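In what follows, a structure is listed as structure tokens, so that the remarks can point back to it.
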Amino acid sequence: NCVYLFERDCSVQRRHQKVLEEAPAPGMLDAMRQQMGAAAVAAAQAVNYVGAGTVEFIVEQRAGGEMNFFFMEMNTRLQVEHPVTEAITGQDLVEWQLRVASGEPLPLTQDQLRITGHAIEARICAENPDNNFLPATGTLNVYGLPSCVTFERGPVRVDSGVRQGDAISPFYDSMVAKLIVYGDTREQALARLDVALSQVQIVGLATNVQFLRHVARSRSFAQADLDTALIPREEAVLFHQEKVGLPLAAAAAVAQALLEERGSETADPFSKRDGWRSHGLTTRRFGLEFHGVAHTALLTFLHDGALHLQVGDVSGVLLFTSVAAGIDLQFAGQRQTVNVWRQGETDHVFCALGATQILAVNLLAHAGEVHAEGGRLTAPMPGKVVSFAVKAGDKVSKGQALAVMDAMKMEHTIAAPADGTVVELLYAPGDQVTEGAELLTLSV
């Protein structure tokens with residue numbers, strides 16, 4: 001009364017944590033599947049195991065296609081990625097657990113189990129892949145998901161433990177949700193994964209959603225050239241990718257601003273901000289900041305009612321219409337349905353190409369501001385101080401480790417931004433600190 005429900009491939013990892021999981025494993029041979037399954041069953045029977053368990057093996061691939069596998073460990077539970085097994089077998093593994101716990105036999109025998117189709121799971125996490133996967137905390141001000149089922153099998157499934165408005169704290173791991181897609185083939189599942197990820201919209205903290213899209217689109221993953229070195233091997237196409245671009249992001253920010261202004265218009269003609277003049281043309285200036293660089297967008301109101309937008313060297317007619325799915329936007333040869341969520345002065349732009357942020361700068365609001373002095377080292381997120389590697393009076397060099405913090409079950413090293421001398425340690429090991437708290441002062 002012991003069966004195996006086939007295999008999952010969990011090779012795509014970062015910091016020994018899984019990123020994407022799929023079932024069945026690409027390239028798995030039937031003979032090896034049976035051998036691996038028999039080994040898993042033998043391991044469970046050897047200890048009289050009762051319930052759901054996950055046996056992990058590592059596979060050695062040799063030249064010529066030969067593969068060997070070796071036992072690593074057994075997890076005495078279902079794993080995070082069990083929904084992909086549910087998808088390809090058509091079984092509810094949690095229901096199986098409950099039946100076993102009630103003393104019932106397993107619902108099916110080994111020869112009744114079949115693999116149908118392909119499933120992939122993406123772990124959506126609160127972290128910044130472009131900053132060494134630094135975990136992020138904050139409030140889910142916007143938490144938009146694709147059309148999906150929850151905790152049951154379907155083409156697109158999202159299992160989530162949070163809702164819009166919830167806070168992601170530093171006291172648990174960084175996973176926000178699991179996005180599972182199913183298709184008749186791996187290619188269909190991959191396409192469905194990309195579309196579903198493009199429809200995930202999260203505002204309030206950094207996530208790995210765009211990184212997941214980059215991984216799924218990479219040559220190695222698309223061609224199932226899988227191993228635990230996939231992410232460093234594909235580094236050039238995974239990190240610091242800007243898929244939306246300044247012209248489209250600027251056009252989205254301008255369109256959003258104009259739509260908001262139109263929403264406040266009344267029958268009073270003086271409430272309109274359409275740039276009308278009896279003579280000449282009106283040009284409106286928008287101050288923008290994109291990836292830390294200041295830009296100016298010039299919007300000209302033409303006599304025929306058309307809008308002409310210039311962003312740097314790119315210019316053209318700006319067309320936009322408010323639709324149920326967002327804004328139907330056309331500019332500079334591109335047409336996209338975009339969603340813009342404004343948080344303070346930052347516009348979060350989402351579309352099929354990807355997601356980005358652009359700052360709509362209110363110059364009057366920032367008049368008189370000055371930059372803070374250097375030499376401060378602050379906590380990048382809430383957490384606990386683990387240790388200091390220096391003391392007051394020590395001379396340090398740029399890049400030298402100064403302190404270690406613990407947050408979301410991970411340790412993070414705080415390094416010196418420049419050569420200098422440690423002036424004062426402001427906390428002690430074991431202290432809890434908030435995001436932005438100054439940990440020590442450095443004279444540079």
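In this text the structure is predicted, and so the values were computed from the model without any measurement.
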Quiz item: For the residue pair Phe320 and Phe331, is the inter-centroid distance of their aromatic rings smaller than 6.0 Å?
Solution: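 No; Phe331 has its ring centre 6.0 Å or more from that of Phe320.
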Quiz item: With a 6.0 Å cut-off on ring centres, are Phe239 and Phe211 close enough?
Solution: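 Between Phe239 and Phe211, the centre distance is under 6.0 Å.
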Counting distance only, does the side-chain N/O of [X] pair as donor-acceptor with the main-chain N or O of [Y] below 3.5 Å?
X: Gln400; Y: Ser397; value: yes
X: Gln432; Y: Val385; value: no
X: Asn208; Y: Ala126; value: no
X: Glu21; Y: Lys18; value: no
X: Asp92; Y: Glu95; value: yes
X: Asp173; Y: Met175; value: yes
X: Asp130; Y: His240; value: yes
X: Thr207; Y: Asn128; value: no
X: Glu345; Y: Val361; value: no
X: Thr137; Y: Ile168; value: no

Close side-chain approach of [X] and [Y], heavy atoms under 4.5 Å:
X: Met405; Y: Val386; result: no
X: Thr85; Y: Phe6; result: no
X: Ile124; Y: Val209; result: yes
X: Lys178; Y: Pro83; result: yes
X: Met36; Y: Val59; result: yes
X: Arg285; Y: Thr296; result: yes
X: Gln330; Y: Val317; result: no
X: Val176; Y: Cys125; result: no

For [X] versus [Y], what's the shortest heavy-atom pair and its separation?
X: Gly399; Y: Ala415; result: O-CB, 3.7 Å
X: Ser387; Y: Pro429; result: CA-CG, 4.2 Å
X: Leu78; Y: Ala52; result: CD2-CB, 3.7 Å
X: Pro24; Y: Arg33; result: CB-NH2, 3.6 Å
X: Gly245; Y: Phe290; result: C-CZ, 3.8 Å
X: Val433; Y: Ala379; result: CG2-CB, 4.0 Å

Quiz item: Where do Ile414 and Leu439 land on the side-chain contact (heavy atoms from CB on, under 4.5 Å) test, with the steps shown first?
Solution: CA-CA 9 Å; Ile414 310 298; Leu439 301 178; 4.0 Å; yes
Self-check item: Under the side-chain contact (heavy atoms from CB on, under 4.5 Å) test, residues paired with Glu187 that sit two or more places apart
Solution: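 side-chain contact (heavy atoms from CB on, under 4.5 Å) check on Glu187 returns Thr185.
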Is it true that [X] and [Y] have a side-chain N and a carboxylate O under 4.0 angstrom from each other?
X: Arg8; Y: Glu22; result: no
X: Arg14; Y: Glu127; result: yes
X: Lys384; Y: Asp431; result: no
X: Asp419; Y: Lys395; result: no
X: Arg123; Y: Glu81; result: yes
X: Asp347; Y: Arg342; result: yes

Quiz item: Applying salt bridge (charged side-chain N to carboxylate O under 4.0 Å, His left out), which residue pairs with at least one partner in residues 324-335 are found, sequence neighbours left out?
Solution: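 Qualifying pairs, neighbours excluded: Asp328-Arg335.
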Quiz item: Going by the salt bridge (charged side-chain N to carboxylate O under 4.0 Å, His left out) test, which pairs reach into residues 141-160, not counting sequence neighbours?
Solution: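 Applying salt bridge (charged side-chain N to carboxylate O under 4.0 Å, His left out) to every pair that reaches into residues 141-160, excluding sequence neighbours, yields Glu86-Arg157, Arg157-Asp159.
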For the atom pair [atom1] ([X]) and [atom2] ([Y]), what is the distance rounded to the nearest 0.5 Å?
X: Phe151; Y: Ile180; atom1: CZ; atom2: CD1; result: 8.5 Å
X: Leu402; Y: Thr413; atom1: CG; atom2: OG1; result: 9.5 Å
X: Glu121; Y: Leu193; atom1: CD; atom2: CG; result: 10.5 Å
X: Leu309; Y: Phe286; atom1: CG; atom2: CZ; result: 8.0 Å

Exercise. Return yes when atom CG of Asp304 has more than 12 non-hydrogen atoms of other residues, nucleotides or ligands closer than 6.0 Å, and no otherwise.
Key: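 Result for CG/Asp304: enclosed.
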Quiz prompt | Heavy atoms of other groups near Trp341 CH2, more than 12 under 6.0 Å | solution =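 Counting other residues, nucleotides and ligands, CH2 of Trp341 stays at 12 neighbours or fewer.
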Assess, by modelled atom type and distance only, whether the side chains of [X] and [Y] contain a donor and an acceptor separated by less than 3.5 Å.
X: Ser220; Y: Glu234; answer: yes
X: Thr89; Y: Arg114; answer: no
X: Glu260; Y: Gln256; answer: yes
X: Ser443; Y: Thr421; answer: no
X: Thr139; Y: Asn141; answer: no
X: Glu56; Y: Gln79; answer: yes
X: His291; Y: Glu242; answer: yes

Self-check item: Stepwise side-chain contact (heavy atoms from CB on, under 4.5 Å) check, Val195 with Arg192
Solution: CA-CA 5 Å; Val195 172; Arg192 191 163 282 163; 5.9 Å; no
Self-check item: Result of checking Leu299, Leu281, Thr300 against His308 for side-chain contact (heavy atoms from CB on, under 4.5 Å)
Solution: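 So, applying the side-chain contact (heavy atoms from CB on, under 4.5 Å) to His308 and each of Leu299, Leu281, Thr300, only Thr300 qualifies.
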Self-check item: Intermediate values then yes/no, side-chain contact (heavy atoms from CB on, under 4.5 Å), Leu230 and Val215
Solution: CA-CA 9 Å; Leu230 185 149; Val215 174; 4.2 Å; yes
Practice problem: List the steps and the verdict of side-chain contact (heavy atoms from CB on, under 4.5 Å) for Arg284 and Leu258. | Solution: CA-CA 11 Å; Arg284 181 174 171 183; Leu258 295 179; 3.7 Å; yes
